[in-house]
There are 2 protein chains.
Amino acid sequence: MKTKKAGLPVYQSIKTEMREWIQTGIWETGSLIPGEATLAKQFGCARATVNRALRELAEEGKLDRRRKAGTRVITPEGRSVNFEIPRIRLEIEETGAAYRYALLLREVVVPPADVLSKLEIPPELPTLHLRCLHYANEAPFQYEDRWINLKSIPEAEQEKFEKISPNEWLVKHVPWTDAEHILSAHNADAEKAELLSLAERDALFVIQRRTWRKENLVTYVRLYYPGRFYQMRTIL
Amino acid sequence: MKTKKAGLPVYQSIKTEMREWIQTGIWETGSLIPGEATLAKQFGCARATVNRALRELAEEGKLDRRRKAGTRVITPEGRSVNFEIPRIRLEIEETGAAYRYALLLREVVVPPADVLSKLEIPPELPTLHLRCLHYANEAPFQYEDRWINLKSIPEAEQEKFEKISPNEWLVKHVPWTDAEHILSAHNADAEKAELLSLAERDALFVIQRRTWRKENLVTYVRLYYPGRFYQMRTIL
DNA sequence: TAAACTTTTTTATCAATACAAAATCATGGA
DNA sequence: TCCATGATTTTGTATTGATAAAAAAGTTTA
């Protein structure tokens, strides 16, 4: 049963062999597979090695493991897909285009209701509101509408954000621990259409992001991209 | 330096402590951190345990490890975000709505140029083309435009796809090994608007997916969702 | 000086063993 | 029959010890 691929770590070749067994149906979905001890004997290796292979396959969502209950093959309910959301400046400069940032609005106000519900703050609490545009070769590439919780980040009130974009400032000054992303598609209203040099009702690709440091919500941002151009892609 | 949280595995508590050090800047980004042997001595545990903690933090993208070069803290270039793309039927039934599937078109034709380039097949090769609608409580929820490579999956030509949706059939019959996803926003043309009960030019959330089995491309699908309603969300 | 080797450091993997924790299964009593 | 409980099995974690592999740093040679 041993398939020693030259140079490959043992636990790796065990993983690929098991993946094969799962895909070809040698190990049927839903069925119990042999225990670690048995497999270790079959593969002629230590249990710890089999354990690592099985553990990582479980992390990949191919196996379900429970103490005493054993390990079984599972059919994934959905597909787990990993996307990279690049920093806007890098995203633009990577294409060779020149990056420019412009601040459109900076105010400290009480947010409207729809934003309030996202911010997890008591109503009436003034919050830093920023609107800015990111250009690629002088063509508008992303419109950013951001709220920063001054209770979490009081230092932000001192920053003008005229030279540095909120994102870069935050990355530099505020280490975050958790984030939530929501992707959706919307029609551009008149204001956004003009800012992004689009026609009204053109499709926008929208990323909403909330960022926390420990328990405190730091910032809520809506990023608008012209939908025709923007694509997020991934290969598993 | 030990912070033994009751019940937690040692490597876990080491991980959370190290995460802390990274976030608070005790370990500066870019800087070299102590070697495994040193850390093991500090934590009063075996080197293998420290190794597991470091390895997993590296997998999470917080550390960069190289033999001989040591381990250093890295600033992530972008954010890696994991989304679950659920199977459409489950997605609908989970909300309590009734699911219905309807086949609109089934033909074997030579694909148009834009699809050809995605399919990685020689031109003039007839391919199975399917269009279908997925309803939630009789309201159209997703429009699916799919191409299936008959060279990879000749069995598909025998299937009518009147009762079972292409996705469910494929999941059942064709184990896949790789997939590529592209997300974007588009304006609905007249045809799609009518199918999805939308106004023309309404924003659509579009998922394009290509699926391979080993080296062979199996299927290319475009999934259209009404953008106002559809949201993909994740919490890291 | 520059290229080719060698040394050495550091991480990567593996094995063998031990104990912990969880969950099933069987057993016995109410 | 049903529930509680304890034995047993299986995975999870940790330790120790050892070797392999990678790559930087140093050394030698042409």
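Here is how names work: the chains are called A, B, and so on, in the same order as the sequence lines, proteins then strands, and each is numbered from 1. Nothing here was measured: the structure is a model prediction, and the numbers come from that model.
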Take atom CD1 of I14(B) and atom C1' of dT15(D), then tell me their distance rounded to the nearest Å. 13 Å
Validate the cation-pi geometry between R52(A) and Y11(A): distance from NZ or CZ to the six-membered ring centre under 6.0 Å, angle to the ring axis within 45°. yes
Sort out for me which residue in Q158(B), E162(B), K163(B) forms a side chain to side chain contact (heavy atoms under 4.5 Å, CB included) with K160(B). E162(B)
Interatomic distance where CD belongs to E56(B) and C1' belongs to dT11(C) [whole Å]: 16 Å
Using whole Å, what does the distance between atom P of nucleotide dA23(C) and atom CG of D64(A) come to? 11 Å
Is a salt bridge present between R89(B) and E93(B), judged by a nitrogen-to-oxygen distance below 4.0 Å? yes
Please enumerate all residues that pass salt bridge (charged side-chain N to carboxylate O under 4.0 Å, His left out) together with R222(B), with sequence neighbours excluded. D114(B)
Give me the one residue out of R19(B), K15(B), M18(B) that meets side chain to side chain contact (heavy atoms under 4.5 Å, CB included) with K62(B). R19(B)
Could you work out, with side-chain contact (heavy atoms from CB on, under 4.5 Å) as the rule, every residue matching S152(B), not counting sequence neighbours? N149(B), N216(B)
When every nucleotide of nucleotides 6-12 of chain D is labelled 5' to 3' by its protein contacts under 4.0 Å (heavy atoms), B for base, S for sugar-phosphate only, - for none, what sequence of letters results? ---BBBB
Let me know the distance between CZ of F43(A) and P of dA15(C), rounded to the nearest Å. 12 Å
How many whole angstroms separate atom CZ of R72(B) from atom P of dA24(D)? 11 Å
